[in-house]
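Throughout, residue positions are numbered sequentially from 1 according to the sequence presented.
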Amino acid sequence: QVQLVESGGGLVQAGGSLRLSCVASGRTFSSYVMGWFRQAPGKEREFVASMRWSGGNIYYADSVKGRFTISRDNAKNTVYLQMNSLKPEDTAVYYCAGGLVLGSPEYPKGYDYWGQGTQVTVSS
């Protein structure tokens, strides 16, 4: 059974930092693309960042470029999202996703597996 489990969300003041983790289990993800998405209340789920589990092909949404960093630790089967200089508009539920993603990594429909989400709240 494939599982993606996120953690690391919380409440932080504007300008602060958080690191989200996504532990993957149940299959080999070496050929997969791993992505982070977020969804704020009343809004559609939006792309944040992605990378190939094998490394490379790293992409970021323009809104987070220069502030967020995606990375992975193969030994721990974990993907991270380091979030710095957080803004109130970053407030959302953040989701980890994995899939073969044959097209653009920005579209949620390309991903086969999703975590349950972790809440990030940035106060002003």
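- Sorted by first and then second residue, the salt bridge (Lys or Arg N to Asp or Glu O under 4.0 Å) pairs involving residues 5-32 (not counting sequence neighbours) form an empty list.
- Applying the salt bridge (Lys or Arg N to Asp or Glu O under 4.0 Å) definition to pairs two or more places apart or across chains, those involving residues 46-59 are Arg38-Glu46.
- Under a 4.5 Å side-chain heavy-atom cut-off, the cluster of Ile, Leu, Val, Met, Phe, Trp and Tyr residues that includes Tyr107 has no other member.
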Donor-acceptor contacts under 3.5 Å from residues 66-73 side chains, at least two apart:
from	atom 1	to	atom 2	distance (Å)
Arg67	NH1	Ser85	O	2.9
Arg67	NH1	Asp90	OD2	2.8
Arg67	NH2	Ser63	O	2.9
Arg67	NH2	Asp90	OD1	3.0
Arg67	NH2	Asp90	OD2	3.4
Arg72	NE	Trp53	O	2.6
Arg72	NH2	Ser54	O	3.3
Asp73	OD1	Ala75	N	3.0
Asp73	OD1	Lys76	N	3.3

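- Legend: disulfide (SG to SG under 2.5 Å) pairs involving residues 95-124, not counting sequence neighbours, sorted by first then second residue: Cys22-Cys96.
- Apart from Val101 itself, the hydrophobic cluster it occupies contains Val33, Phe37, Phe47, Tyr59, Val93, Tyr95, Tyr111, Trp114, where clustering links Ile, Leu, Val, Met, Phe, Trp and Tyr at side-chain heavy-atom distances under 4.5 Å.
- Residues satisfying the side-chain hydrogen bond (donor to acceptor under 3.5 Å, both in side chains) test with Gln39, not counting sequence neighbours, are Arg45.
- Qualifying side-chain hydrogen bond (donor to acceptor under 3.5 Å, both in side chains) partners for Ser123, counting only residues two or more places apart in sequence or in other chains: none.
- Identified under the salt bridge (Lys or Arg N to Asp or Glu O under 4.0 Å) test for residues 94-104, with sequence neighbours left out: none.
- Residues meeting the side-chain hydrogen bond (donor to acceptor under 3.5 Å, both in side chains) test with Tyr60, sequence neighbours left out: none.
- Residue pairs meeting the salt bridge (Lys or Arg N to Asp or Glu O under 4.0 Å) criterion with at least one member in residues 103-124, sequence neighbours excluded, do not occur.
- Lys65 meets the side-chain hydrogen bond (donor to acceptor under 3.5 Å, both in side chains) test with Asp62; sequence neighbours excluded.
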